Amino acid sequence: MESKEKILASLNILKRLPPTQMQKNVSAIANLIPDQAEELYQRIDKPLSLKTDDQGQAFIQSEFNRDGDSYRSPNDNRYYPELQDALFPSEQLRKLEIKANIVFAEYLKLYYEGGHSNCYFWDQDNGFASAWLVRKDVTGAKNVKEGSWSSINVIDVRREDKKWKYKLTTSVVLDMKLEEKFVGSFDLAGSLVKTKEETVIIPDKVDIDLFHLEKIGSLIEEQESQIRSNLDTLYVGKTKDVVFATRYFQGEKQYQQQRQALAGEFKQKYN
Amino acid sequence: MDQEQQEQEQQEVQQQEEVQNQPTLNQKQFKIVKYVIANTPFGQANLVIKDLCKLINGLNPDDPQVLSELKEHNEEHLAVVKGQGLKVVISTLNSNEDFYVDQKNSKTLKVNHEQLTIVSVDDVELPKDPQLDALRDELDKQLDLYLKNNFNEQLSGFYVLYQGDASDFTIYVGITAKNLQLNNYYVGDWISKWEITNKDIKGKYQIQAHYYEEGNIQLLNKHDVVKPIQLKLQDPKKEAQSIVEIIDALETEHLKGLEQIYGQFNNIFFKAMRRQLPVTQSKIDWSTNVAKLVGNLKL
């Protein structure tokens, strides 16, 4: 079985297992395909966690700042635990990374009013790639035992002649555990993914770093906002519809059947 | 000489048999397969097994270890099986090694777990209590009506079984409805299990939903309830009615609770996670913002 097919089969299995146990799920599947384990870990979206560096500053641990078992802090550009021959962004890119973290922290304030953000950059041929990450916890809300939002924005930036191509993949991972008297324990978790591409011609007399930050920032704002709007219909709406289509409120079943009959949708019954 | 040769041959045959009977999965693989099948939402087990076979060399969907996990998965999820003129809900309660017991009709059934079909039916003699039989038969009628009125017929079903005798009994009721829309990337599974004695009725809800078109979103709702009841086994019709009325009331209360929680999502949870727009009520002016924050930053 080809490596690509194994990864595909693994991803298919993982999208069916409970998202609240993502760590365990990936670890289990990775154990079945040790040769593809590394690639599998990089393809999975799971809630982000925080680590603290020697300056006492928290930073997000992710696949994008990981090398082996160590994680790089964007604050001091060091790996924790220390690592020999580790991967670092080039000097120029590191400057862009520092600026990005400042810009994204402002975005975090405006949209999240709390939580934590970090950006990580790495070099690529003809460009670079970066991950813009957010981790926000919900505390003190009614009925919420635990609640967290993780945003994983991965952007690939390539230059083709005078044009720059931006490809953004945004994953939002939610994990909510509620407890209510008449409902019991209510766990709603999972992830939604969206991608977007844009190609632009960058005018000549422009600070390229600033241009990239503006473009990436506005793409992320657009896409995260779309996912945020979709939360109601997809996360909430779909799971609610699915449940309420198994067990109806009293009288609702007859009402629905009447509607179907009136609309001439007899066929629905025989699907 | 002959005897030695014979013994050697016997040894070789034995060794060959042992190799053939070796399970395809080693201990670690088996644990993982078990975990994966057990945690897959109902309706998707066959697909998951197909994918597992792509990851494990030499594994087939009809491997006995795989089939045994599939059996357990179906029992835990109260799978509805049909065939031979019957429709039965299987569970750990009526499971007996490689067959299932249909107490009402005094039958045993063999099931194909991949197809969810009943492949053969046999007669069996079971211990019976006439009073409990009567109550069970009435419950059967009431539950049939209850499901018709409140549940989606698509793969819904129930079981009623009893254990014990009139002096000391437990009646088991299981209700399930499966909403399988694999082509639209979503499935739902309602399971409520009830245990009724002569003094109370205990319920256990296990409600699951899975949507996986642009991601993987799952709901898992678990809840235990209990309500006192007095059963004297003297008027089976009336007592069956009151049991189902209690179940109806409890399930409705549960649904109302679910609706309330869902109603709170946008206001309470999502607002607390990420705003739709900043307080300014307008999107960010990126060129101004970026210039202000890092325009003059010397690094």
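All values derive from a computational prediction rather than experimental measurement. Each chain gets a letter, A, B and so on, in the order its sequence line appears, and its residues count up from 1.
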*In this structure, are over 12 heavy atoms from other groups packed under 6.0 Å from A/E91 atom CD?*
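It does not: A/E91 CD has 12 such atoms or fewer within range.
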
*Got more than 12 heavy atoms from elsewhere within 6.0 Å of NZ, B/K71?*
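Check passes, neighbour count above 12.
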
Please state whether the side chain, the backbone, both or neither of [X] comes within less than 4.5 Å of a heavy atom of chain B.
X	value
A/S229	both
A/K15	both
A/K109	neither
A/N143	side chain
A/Q21	both
A/V138	side chain
A/I98	side chain
A/L178	side chain
A/L17	both
A/L174	side chain

Lys/Arg N to Asp/Glu carboxylate O, [X] vs [Y], below 4.0 Å:
X	Y	answer
B/E69	B/K34	yes
A/R247	B/D248	yes
B/K178	B/D189	yes
A/E222	A/K196	no
A/D209	A/K95	no
B/D51	B/K54	yes

*How far does CD of B/Q29 sit from CG of B/L59, to the nearest 0.5 angstrom?*
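The CD atom of B/Q29 sits 8.0 Å away from the CG atom of B/L59.
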
*Atom CZ in B/F158, atom CG in B/L143: separation rounded to 0.5 Å?*
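Between B/F158 CZ and B/L143 CG, I get 5.0 Å after rounding to 0.5 Å.
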
Sort [X] into side chain, backbone, both or neither according to what part of it lies under 4.5 angstrom from a heavy atom of chain A.
X	result
B/E213	neither
B/I175	neither
B/I32	side chain
B/L250	neither
B/I56	side chain
B/K31	neither
B/Y262	both
B/I207	side chain
B/N289	side chain
B/V33	neither
B/L219	both
B/Y185	neither

Among [options], residue most engaged with chain A (heavy-atom pairs, under 4.5 Å):
options	result
B/V225, B/T176, B/V36	B/V36
B/S287, B/A291, B/S192, B/G215	B/S287
B/N221, B/L47, B/D224	B/N221
B/Y212, B/Y35, B/W190	B/Y35
B/K50, B/K283, B/K292	B/K283
B/N39, B/L297, B/V279, B/L293	B/N39

_Verdict with supporting geometry, A/S10 and A/Q36, side-chain hydrogen bond (donor to acceptor under 3.5 Å, both in side chains)_ = CA-CA 10 Å; A/S10 301; A/Q36 285 87 21; over 6 Å; no

In terms of heavy-atom pairs under 4.5 Å, which option from [options] contacts chain B the most?
options	value
A/K238, A/E214, A/R228	A/R228
A/L188, A/I29, A/V173, A/N25	A/L188
A/S148, A/A105, A/G237	A/S148
A/G115, A/G147, A/G114, A/S225	A/S225
A/A245, A/G190, A/S191	A/S191
A/E113, A/E106, A/E180	A/E113

*Do A/Y107 and A/W132 have their ring centres less than 6.0 Å from each other?*
no

*What about the rings of A/Y166 and A/H212, do their centers lie closer together than 6.0 Å?*
yes

*Please work out whether the ring planes of B/H77 and B/F42 are parallel, tilted or perpendicular, with thresholds of 30° and 60°.*
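Plane angle between 30° and 60°, so tilted.
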
*asked:* Keeping A/Q223 on the side-chain end and A/K194 on the backbone end, is there a donor-acceptor pair under 3.5 Å?
replied: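 Yes; judged by distance alone, with no hydrogens or angles, the pair exists.
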
*Just do the side chain to side chain contact (heavy atoms under 4.5 Å, CB included) check on A/F104 and A/I220 with the steps written out, would you?*
CA-CA 10 Å; A/F104 203 41; A/I220 289 176; 4.3 Å; yes

*Can you check whether A/L108 reaches A/R135 side chain to side chain, under 4.5 Å on heavy atoms?*
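They are not in contact (no side-chain heavy atoms under 4.5 Å apart), so the answer is no.
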
*asked:* Under 3.5 Å, is there a donor on one side chain and an acceptor on the other for A/T170 and A/N153?
replied: yes

*Could you go through the side-chain hydrogen bond (donor to acceptor under 3.5 Å, both in side chains) check for B/N179 and B/Y186 one step at a time?*
CA-CA 8 Å; B/N179 183 7; B/Y186 65 87; 5.4 Å; no

